[in-house]
Amino acid sequence: MKIATLGIILQDNKVLLGEKRKGEIGTGVLSGPGGKLDLGETLPECLVRETREELEIELDPASLELVALIDFYAMGEVDFRVYVYHARILSGELHETADMVPAWYPLSDATFDRTYEADRHWLPKAARGEKFNANVYYRDRARDFDRIEFLPFSG
């Protein structure tokens, strides 16, 4: 099972998302910054590093608040565990990178319609600050969404 982080950055009733430009899955969809945990790295270090790489901004490590823990299943097996944090920007200006094209999007259904199918269920809840655990089931890796189960938050 791979471990990853994802950041939710809010400002003026908008959420910072990036259109993915490359990767194994999800090219062209909107997603928050984040990525896979490197060996020896803490979860907050991972989110700060990934955000720097993808959006060229620095997150304030003191602002990180865990709001969700989501296990993603593919073909019946846990594939990814993603730790979702609310975060604030410490410094930097948004820049398009090789990884993402960032922009501020309104917190609306139209925005979430451009995310992964499963994210349409949990991302609005997490953006509102609801805390939860969830199991997300795909028939294939991040493809052919089946269902989502929300569970009490265990942090």
Side-chain angles (χ1 to χ4, degrees), residues 1-72 78-136 142 148-155:
M1 171 178 58
K2 295 178 181 82
I3 305 293
T5 58
L6 186 129
I8 297 176
I9 304 164
L10 302 169
Q11 183 175 300
D12 300 326
N13 246 2
K14 293 183 177 179
V15 60
L16 178 58
L17 299 172
E19 182 177 329
K20 290 186 67 166
R21 297 179 109 179
K22 65 180 185 177
E24 292 177 48
I25 52 176
T27 302
V29 301
L30 294 179
S31 180
K36 295 180 199 119
L37 185 70
D38 285 345
L39 189 62
E41 192 173 45
T42 67
L43 292 165
E45 289 168 345
C46 173
L47 181 57
V48 169
R49 175 187 52 76
E50 286 283 349
T51 302
R52 182 184 314 117
E53 291 173 2
E54 292 178 343
L55 302 177
E56 296 186 357
I57 57 174
E58 289 294 321
L59 294 181
D60 179 357
S63 75
L64 300 184
E65 178 188 6
L66 184 65
V67 295
L69 175 58
I70 305 172
D71 286 337
F72 289 85
V78 179
D79 186 35
F80 263 92
R81 174 168 286 165
V82 178
Y83 293 81
V84 181
Y85 290 87
H86 272 211
R88 285 192 312 272
I89 298 171
L90 181 64
S91 64
E93 298 285 328
L94 291 178
H95 293 283
E96 187 174 314
T97 66
D99 294 318
M100 290 186 128
V101 180
W104 293 99
Y105 291 88
L107 293 169
S108 70
D109 290 344
T111 294
F112 298 118
D113 284 348
R114 295 189 54 204
T115 64
Y116 293 103
E117 189 174 356
D119 293 9
R120 297 170 197 162
H121 299 274
W122 66 262
L123 188 54
K125 291 170 75 80
R128 290 190 302 265
E130 294 180 37
K131 293 188 175 188
F132 57 87
N133 285 29
N135 293 326
V136 173
I148 187 168
E149 299 170 345
F150 289 100
L151 308 164
F153 183 66
S154 66

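Scanning all heavy atoms of the two residues, the minimum distance from F150 to A134 falls at CD2-CB, 4.1 Å. Smallest separation of non-hydrogen atoms from P102 and E96: CD-CA, 3.7 Å. Nearest heavy atom pair, residue K36 against residue C46, reads O-SG, 3.5 Å. The two residues L10 and W104 make their nearest non-hydrogen contact at C-CZ3, 4.1 Å. When all heavy atoms of E54 and P33 are compared, the closest pair comes out as OE1-CA, 3.1 Å. The two residues F153 and L66 have their closest heavy-atom pair at CZ-O, 3.7 Å.
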Under the side chain to side chain contact (heavy atoms under 4.5 Å, CB included) rule, what do L30 and F112 come out as? Steps first, then yes or no, please.
-> CA-CA 8 Å; L30 294 179; F112 298 118; over 6 Å; no
Hey, mind stepping through V67 and E130 against side chain to side chain contact (heavy atoms under 4.5 Å, CB included) and telling me if it holds?
-> CA-CA 7 Å; V67 295; E130 294 180 37; over 6 Å; no
Yes or no on side chain to side chain contact (heavy atoms under 4.5 Å, CB included) for L16 and I57, after CA distance, side-chain angles and deciding distance?
-> CA-CA 12 Å; L16 178 58; I57 57 174; 3.9 Å; yes
Could you give me the CA-CA distance, side-chain angles and deciding distance for E53 and T97, then say whether side chain to side chain contact (heavy atoms under 4.5 Å, CB included) is met?
-> CA-CA 8 Å; E53 291 173 2; T97 66; over 6 Å; no
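Side-chain contact between K20 and M100 is present, with at least one heavy-atom pair separated by less than 4.5 Å. At a threshold of 4.5 Å between non-hydrogen side-chain atoms, the residues N135 and D71 count as touching. Here the side chains of V84 and W122 are in contact, with some heavy-atom distance below 4.5 Å.
To the nearest 0.5 Å, atoms CG (L37) and NZ (K2) are separated by 13.0 Å. Interatomic distance, T115 OG1 to Y105 OH, rounded to the nearest 0.5 Å: 11.5 Å. The structure places CZ of R52 at 10.5 Å from CG of L90, a figure rounded to the nearest 0.5 Å. Between the CG atom in L123 and the OG atom in S31 there is a gap of 8.0 Å [rounded to 0.5 Å]. Note that CD1 of I70 and CZ of F80 are 13.0 Å apart. Values are rounded to the nearest 0.5 Å.
Of the possible polar contacts, none joining the H121 side chain to the E149 backbone as a donor-acceptor pair under 3.5 Å is found. Using a distance-only test at 3.5 Å, with no hydrogens or angles considered, no donor-acceptor pair links the side chain of D60 to the main chain of R88. In this structure, T51 contributes its side chain and L47 its backbone to a donor-acceptor pair below 3.5 Å. Of the possible donor and acceptor atoms, none in the side chain of T5 sits under 3.5 Å from a partner among the backbone N and O of L43. Between the R81 side chain and the L69 main chain, no donor and acceptor come within less than 3.5 Å of each other.
The number of heavy atoms from other shown groups lying within 6.0 Å of CG (D113) is above 12. Annotation: K131, atom NZ; neighbour count of heavy atoms from other residues, nucleotides and ligands within 6.0 Å is above 12. The number of heavy atoms from other shown groups lying within 6.0 Å of CD (E93) does not exceed 12.
Using a cutoff of 4.0 Å between basic side-chain nitrogens and carboxylate oxygens, R49 and E45 are not scored as salt-bridged.
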